[in-house]
J.: 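Just dropping this structure here.
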Amino acid sequence: MKLTYNKTEKLKSKKEIEALFLKGKSVSAWPLRLVYLKNEKTNKVGVSVSKRNFKLAVDRIRIKRLLREAYRLNKPFLKNNNIEGFSFMILYNNKEMPDFNLINSKVKTLFTKFNDQNSKVKE
């Protein structure tokens, strides 16, 4: 499996994002929150960092890069558990600049919690 994050996986549609926040469910692992919603297509992922917490664009962009990289590296976890057809939004909710190790471990935790919630729904 290629560890890529290509254009087809990016959550860009305004309608999908609005539906995600209106109807979606969430799991959290401080300082991250994962909002998700079932759709008919492949997995789509977006990331967000609050402008209120990080005034400088360079800081927000750096955190977004870390979030996307952590998703890209942990994507096989979703594929191995046959999780397809979801829209995800990963939100960063802290005022301190994170390092990659923290983000990566928290993304793993988020996906584990997400998997646990969805396995209960299927049973």
Side-chain angles (χ1 to χ4, degrees):
M1 163 184 240
K2 289 186 177 181
L3 296 177
T4 59
Y5 181 59
N6 56 25
K7 192 173 185 177
T8 59
E9 292 180 79
K10 294 179 182 173
L11 182 62
K12 297 182 196 175
S13 169
K14 202 168 192 174
K15 286 182 182 179
E16 286 185 39
I17 293 171
E18 286 177 7
L20 181 67
F21 283 107
L22 287 175
K23 302 174 190 172
K25 298 177 183 175
S26 70
V27 293
S28 60
W30 180 256
L32 300 179
R33 188 170 140 225
L34 177 73
V35 181
Y36 62 93
L37 182 66
K38 183 78 173 149
N39 64 21
E40 293 82 35
K41 303 171 188 167
T42 60
N43 287 343
K44 292 192 175 247
V45 179
V47 296
S48 178
V49 179
S50 173
K51 190 174 183 178
R52 181 184 296 173
N53 294 338
F54 292 94
K55 304 292 185 202
L56 298 178
V58 292
D59 293 337
R60 291 192 304 274
I61 291 168
R62 173 154 173 74
I63 296 170
K64 287 180 184 182
R65 282 189 192 138
L66 293 174
L67 291 170
R68 285 191 294 262
E69 181 67 7
Y71 164 74
R72 186 184 72 81
L73 293 175
N74 293 304
K75 184 169 61 167
F77 179 80
L78 296 175
K79 298 284 185 189
N80 293 341
N81 291 319
N82 295 325
I83 297 171
E84 278 294 322
F86 279 91
S87 296
F88 297 107
M89 181 66 80
I90 302 172
L91 307 163
Y92 183 76
N93 297 320
N94 200 357
K95 293 182 180 184
E96 297 175 9
M97 183 63 78
D99 65 332
F100 180 71
N101 294 329
L102 172 75
I103 295 287
N104 195 33
S105 66
K106 295 299 180 174
V107 167
K108 287 179 186 176
T109 306
L110 280 177
F111 286 159
T112 304
K113 287 183 176 183
F114 167 76
N115 189 34
D116 291 344
Q117 277 193 357
N118 283 335
S119 64
K120 290 176 185 176
V121 171
K122 290 178 184 176
E123 292 175 357

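Sequence positions, counted from 1, serve as the residue numbers for this chain.
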J.: Can V49 be reached from V107 by stepping across I, L, V, M, F, W or Y side chains whose heavy atoms are under 4.5 Å apart?
T.: yes

J.: CD/E40 to CD/E84 distance, rounded to the nearest 0.5 angstrom?
T.: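 If I round to the nearest 0.5 Å, the distance is 13.0 Å.
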
J.: So which heavy atom on A29 is nearest to which on L110, and how close?
T.: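 Heavy atoms of A29 and L110 come nearest at N-CD2, 3.6 Å.
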
J.: Hydrophobic clustering (ILVMFWY, side-chain heavy atoms < 4.5 Å, transitive) - are L91 and L102 grouped together?
T.: no

J.: Under a 4.5 Å side-chain heavy-atom rule over Ile, Leu, Val, Met, Phe, Trp and Tyr, are L11 and L67 clustered together?
T.: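 No; tracing contacts between hydrophobic side chains, which count when under 4.5 Å, never links both residues.
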
J.: If you measure from the Lys or Arg side-chain nitrogens to the Asp or Glu carboxylate oxygens, is any gap between R72 and E69 under 4.0 Å?
T.: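 Yes.
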
J.: With rounding to the nearest 0.5 angstrom, report the OG to CG distance, S26 to L32.
T.: 12.5 Å

J.: Could you tell me which non-hydrogen atom of S87 sits nearest to which non-hydrogen atom of L20, and how far apart they are?
T.: O-CD1, 3.4 Å

J.: Would you compute the distance between atom NZ of K106 and atom CG of L34 and round it to the nearest 0.5 angstrom?
T.: 14.0 Å

J.: Side chains of F86 and L37, heavy atoms from C-beta outward: is any pair under 4.5 Å?
T.: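 No - every pair of side-chain heavy atoms lies 4.5 Å or more apart.
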
J.: Compare all side-chain heavy atoms of Y36 with those of Q117 and state whether any distance is below 4.5 angstrom.
T.: yes

J.: Tell me the closest heavy-atom pair linking T42 and T8, and the distance in Å.
T.: OG1-O, 4.2 Å

J.: Give the ring-plane orientation class for F77 versus F111, where under 30° counts as parallel, over 60° as perpendicular and anything between as tilted.
T.: parallel

J.: Go through the steps to decide whether F88 and Y71 satisfy the test ring pair (Phe, Tyr, Trp, His ring centres under 6.0 Å), and finish with yes or no.
T.: CA-CA 10 Å; F88 297 107; Y71 164 74; 7.3 Å; no

J.: Identify the two heavy atoms, one from N53 and one from N93, that lie closest to each other, and give their separation to 0.1 Å.
T.: ND2-C, 4.3 Å

J.: Taking atom types as modelled and ignoring hydrogens, do the side chains of N74 and N104 form a donor-acceptor contact shorter than 3.5 angstrom?
T.: yes

J.: Could you see if M89 belongs to whatever hydrophobic cluster contains Y5? Use Ile, Leu, Val, Met, Phe, Trp, Tyr and a side-chain cutoff under 4.5 Å.
T.: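 No; Y5 is not reachable from M89 via cluster members.
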
J.: Just wondering, do Y92 and V47 contact through their side chains at under 4.5 Å, heavy atoms?
T.: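 No, every pair of side-chain atoms sits at 4.5 Å or beyond.
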
J.: Rounded to the nearest 0.5 Å, what separates atom CG in L66 from atom CD1 in I90?
T.: 12.0 Å

J.: Atom CZ of F100 and atom CZ of R65: how far apart are they, to the nearest 0.5 Å?
T.: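 The CZ atom of F100 sits 14.0 Å away from the CZ atom of R65.
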
J.: Less than 4.5 Å apart, side chain to side chain, heavy atoms only: is that true for K75 and T4?
T.: yes

J.: Which atom pair, heavy atoms only, marks the closest approach of S28 to K113?
T.: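 Shortest heavy-atom separation between S28 and K113 comes out as O-NZ, 2.7 Å.
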
J.: Counting N and O atoms only, with roles assigned by atom type, does the side chain of K108 sit under 3.5 Å from a partner on the main chain of I103, one being a donor and the other an acceptor?
T.: no

J.: Following the transitive rule for hydrophobic clusters with a side-chain heavy-atom cut-off under 4.5 Å over Ile, Leu, Val, Met, Phe, Trp and Tyr, establish whether I61 and L56 coincide in one cluster.
T.: no

J.: Can you confirm whether R60 is buried at CZ, in the sense that more than 12 heavy atoms of other residues, nucleotides or ligands lie under 6.0 Å from that atom?
T.: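 Correct, the count exceeds 12.
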
J.: Identify the heavy atoms of N43 and G85 that sit nearest to each other, and give their distance.
T.: OD1-N, 3.1 Å

J.: Could you tell me the separation between the CD atom of E18 and the NZ atom of K23, rounded to the nearest 0.5 Å?
T.: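 Going from the CD atom of E18 to the NZ atom of K23 covers 11.0 Å.
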
